[in-house]
Amino acid sequence: MSVDSPSRSGATAPSRLGVTSRLGVTSWRSRPAGAHAGTRPAAAAGAVRRRAELGVVLAAVTALYVWDLGASGWANAFYSAAAQAGSQSWEAFFFGSSDAANSITVDKPPAALWIMGLSVRLFGLSPWSILVPEALMGVATAWILYLAVRRAARPATGSDGAAHAAGLLAAVVLALTPVAALMFRFNNPDALLVLLMTAAGYATIRAIQGGHARWLLAAGALLGLGFLAKQLQVLLVVPGFALAYLWAAPQALGKRLLHLGGALAAMAVAAGWWIAAVELVPASARPYIGGSQTNSILELTFGYNGLGRLSGNEVGSVGGGNGWGQSGLLRLFSSSFGGQIAWLLPAALILGAALLWAGRHAPRTDAVRASVIAWGGWVLVTGLTFSLMEGIIHEYYSVALAPGIAALVGLGSVVLWQRRRGAFDGAALAAAIAAAGLMSATLLGRASGFVPWLAWVVAAAGLAAAAVVLAGTVGLRLPGWAGRTTAALALVGALAGPLAFTLQTVGTPHSGAIVTAGPSSGFGPGGGQRGTAAGAFPGRAQGAPTAGQGASGGAPAGFGGGRGGAGGLLGATTPSSELVAALTADASGYTWAAAVVGSNNAAGYQLATQLPVMALGGFNGTDPSPTLAQFQQLVADGKVHWFIAANMMQGSSGSDAAREIAAWVEADFPAQTIGGTTVYQLG
């Protein structure tokens with residue numbers, strides 16, 4: 001059956017020219033502009049309606065992501081404290097220091113901190129000034145994804161309305177992905193990373209369709225900036241983008257290769273200027289590079305945040321081995337990851353594969369196939385990397401998959417819906433709808449006690465919609481309203497589950513270094529307790545001591561709790577008013593109001609006092625910053641006022657400098673208790 005024939009339900013066929021191969025498989029090619037466009041007033045009215053619908057969707061996404069945003073407080077205090085430091089010191093701003101006195105940086109490049117730091121400078125320090133930029137990044141990501149999918153869908157459907165529907169569906173799927181709702185309301189670097197990767201995807205699609213190198217250069221520059229958000233993770237989308245351009249751009253092969261080389265150079269420049277600045281500034285004139293053992297941004301890039309994540313060989317890390325969960329092809333469908341991202345992953349893969357097959361005879365420059373290669377490559381490379389990596393991985397990393405999945409679902413659903421009378425297209429669409437409903441039911445069933453009836457609803461809706469689509473492929477004549485009803489059932493089966501998880505996520509405060517979306521669906525690395533760091537770290541006992549409780553069990557001050565408790569590794573403390581008063585008294589006479597082992601421990605005191613607090617050993621307490629001799633000199637010079645004892649999980653490797661400092665302080669200075677916290681006055 002030709003895709004240009006009227007549907008049996010009476011709907012008008014899409015306005016495009018069908019090209020039927022000798023095998024009887026129809027590919028797509030756009031008609032000349034203006035064909036069957038109708039009157040100009042009608043076209044103008046349609047454009048106004050589409051803009052209004054997009055505005056409504058983006059307004060709803062804004063409300064969803066901003067609603068009760070301040071309930072999460074400082075969210076990840078580690079990054080909030082660095083943003084506070086950057087709002088006070090331009091040096092801290094540039095390097096991404098944990099404190100305004102520039103003792104050590106966070107263990108990531110500072111691009112995400114730049115946005116938060118500027119917001120704090122403009123609006124003052126508050127949870128809202130930290131988190132609202134993240135929410136706005138989520139809205140911008142949904143809008144850019146809409147533009148990218150609409151652009152690819154227009155030539156395939158021959159209809160502005162259908163292309164608009166594909167873009168809207170992609171934006172809604174992205175917004176309702178639970179882990180996206182989590183991370184666009186949180187202050188980890190992932191929000192900026194996803195925004196920049198999505199913008200690079202849009203630029204790549206434009207470069208392919210128009211053959212303009214400037215758009216590909218823009219994509220490279222955006223990915224370079226993404227490197228400054230989360231380093232090598234941004235490279236996971238590069239294979240799909242590069243292959244799509246190499247295959248489909250309307251240029252000769254040599255020129256396509258030249259353009260890709262230019263994009264690579266743009267990416268290197270956009271990322272490399274900051275790397276070069278850090279490497280060229282003498283170590284004595286800048287903060288220590290957190291997360292490295294040799295004070296090197298290159299070591300951080302290729303070690304702790306790079307190849308070490310793949311192999312598990314991360315010096316200075318904690319956990320390790322199987323502590324981050326079992327790797328394997330099904331990791332993203334596990335009890336800890338599934339509820340974050342897997343809702344529409346099977347459907348996206350089915351739709352992407354179906355589009356590739358259905359358009360296999362289309363011209364080389366076909367926009368749909370190029371989009372599937374770009375977004376599908378994103379999903380496959382990122383998904384396989386996350387599934388098989390042996391090093392540190394947290395469930396919220398999976399937000400990097402959300403735009404690719406959403407794009408495949410939006411594009412594939414609308415294109416195949418218009419072609420659903422064909423046997424292959426209808427069967428593929430039905431399979432995707434059924435997979436979405438069954439996957440949703442499975443994930444809902446794992447969340448014991450959470451809206452138990454909803455699993456049955458989504459399964460029934462998905463299977464019913466799939467059955468109707470299959471019936472249409474065999475020539476069953478259906479009434480005119482059946483198409484709308486089937487579409488509604490398919491949307492319920494696909495989106496009701498993630499919507500429920502997303503609403504639960506939005507209604508739950510989240511704080512700490514590791515957070516997960518949705519209700520609990522069992523324990524695992526990062527699984528279990530939502531909204532706090534508890535239950536979110538391998539090997540940690542529930543109810544482990546928190547920062548500010550002092551040393552215990554004879555361990556050196558700052559290392560109470562040993563390997564069985566994470567202590568201040570994952571969450572910051574809220575100090576008592578008595579301790580805040582002690583830290584702020586005479587603070588002007590010191591460079592650092594206090595020193596404490598671990599960045600999260602330091603963050604709680606720094607945010608409470610808005611004074612520099614030195615994070616001994618960086619995030620894990622395992623960086624050699626400062627060494628014992630350096631710290632002793634700082635104390636002798638009168639630069640550090642207090643040392644605060646705090647429980648901290650011992651790292652499995654890396655430097656023992658922080659432990660040595662804690663032992664020296666405990667041996668040489670008298671302990672006192674202020675507001676329930678053990679402290680040592682050094683100055």
Side-chain angles (χ1 to χ4, degrees), residues 54-67 69 75 111-112 114-116 119 131-153 164 166-206 215 218-219 221-230 233-234 236-237 240-241 340-341 343-344 348 371 374-375 378-379 382 396-411 495 498-499 502 505-506 517:
L54 175 62
V56 169
V57 168
L58 294 181
V61 175
T62 303
L64 180 70
Y65 286 174
V66 173
W67 175 262
L69 195 57
W114 291 340
I115 296 174
M116 290 186 285
S119 179
L131 296 177
V132 166
E134 313 299 310
L136 296 180
M137 288 181 209
V139 178
T141 303
W143 174 59
I144 293 170
L145 187 66
Y146 162 84
L147 295 176
V149 172
R150 184 189 66 176
R151 174 169 286 274
H164 166 73
L168 277 189
L169 179 58
V172 170
V173 169
L174 172 67
L176 296 186
T177 302
V179 71
L182 172 70
M183 296 315 294
F184 287 126
R185 292 170 53 87
F186 208 68
N187 60 327
N188 280 15
D190 300 75
L192 179 62
L193 174 71
V194 170
L195 170 61
L196 291 171
M197 291 193 302
T198 305
Y202 169 76
T204 301
I205 298 301
R206 289 211 61 167
W215 281 105
L222 288 164
L223 293 175
L225 293 176
F227 178 91
L228 296 184
K230 213 174 178 189
Q233 185 179 331
V234 76
L236 297 179
V237 303
F241 292 175
Q340 314 299 302
I341 194 62
W343 302 86
L344 291 171
S371 294
W375 301 112
W378 175 332
V379 171
T382 304
Y396 66 79
Y397 290 6
S398 61
V399 69
L401 288 159
I405 292 173
L408 291 175
V409 170
L411 182 62
L495 297 181
L499 171 62
T502 293
T505 300
V506 169

Where Ile205 and Ala374 come nearest, the two heavy atoms and their spacing:
CD1-CB, 4.3 Å
Check the surroundings of atom CH2 in Trp143: do more than 12 heavy atoms from other residues, nucleotides or ligands lie under 6.0 Å from it?
no
Can you name the closest pair of heavy atoms from Leu145 and Ala406 and give their distance?
CD2-CB, 3.7 Å
Return the CE to NZ distance between Met197 and Lys230, rounded to the nearest 0.5 Å.
9.0 Å
Between Ala142 and Leu58, what is the shortest heavy-atom contact and its length?
CB-CD2, 4.3 Å
Mind checking the OH-OH spacing from Tyr146 to Tyr202? Nearest 0.5 Å is all I need.
11.0 Å
I'd like to check Leu196 versus Val234 (side-chain heavy atoms, cut-off strictly below 4.5 Å). Are they in contact?
no
Euclidean distance, Ile144 CD1 relative to Met137 CE, rounded to 0.5 Å
11.5 Å
Mark yes or no for whether Ser119, through its side chain, and Ile115, through its backbone, hold a donor-acceptor pair below 3.5 Å.
no
Check each of Leu182, Val179, Val399 against Asp190 using the side-chain contact (heavy atoms from CB on, under 4.5 Å) test, and report the only one that passes.
Val399
Is there a side-chain contact between Glu134 and Met183 in this structure, where contact means two heavy atoms from C-beta onward sitting under 4.5 Å apart?
no
Is a donor on one side and an acceptor on the other found under 3.5 Å between the side chain of Tyr65 and the backbone of Ala175?
yes
I'd like to know if the side chain of Gln340 and the backbone of Ala517 have a donor-acceptor N/O pair within less than 3.5 Å.
yes
Among Leu192, Leu136, Val61, Leu174, whose side-chain contact (heavy atoms from CB on, under 4.5 Å) with Thr141 holds?
Leu174
Measure from the side-chain N and O atoms of Trp378 to the backbone N and O of Ala400, and report whether any donor-acceptor pair falls under 3.5 Å.
yes
d(Phe186 CZ, Thr505 OG1) to nearest 0.5 Å is 12.5 Å
To the nearest 0.5 angstrom, please state how far the CG atom of Leu411 sits from the CH2 atom of Trp375.
10.5 Å
Non-hydrogen atoms of Val506 and Ala181 that approach each other most closely
CG2-CB, 4.4 Å
Sub-4.5 Å side-chain heavy-atom contact between Val194 and Phe184:
yes
Between Leu131 and Ala75 the two heavy atoms that sit nearest each other are CD2-CB, 3.9 Å
Smallest heavy-atom separation, Trp343 atom then Pro178 atom, equals NE1-CG, 3.5 Å
Straight-line distance of Leu228 CG to Leu223 CG, nearest 0.5 Å
11.5 Å
Which residue pairs satisfy the side-chain hydrogen bond (donor to acceptor under 3.5 Å, both in side chains) criterion with at least one member in residues 171-187, sequence neighbours excluded?
Ser80-Asn187
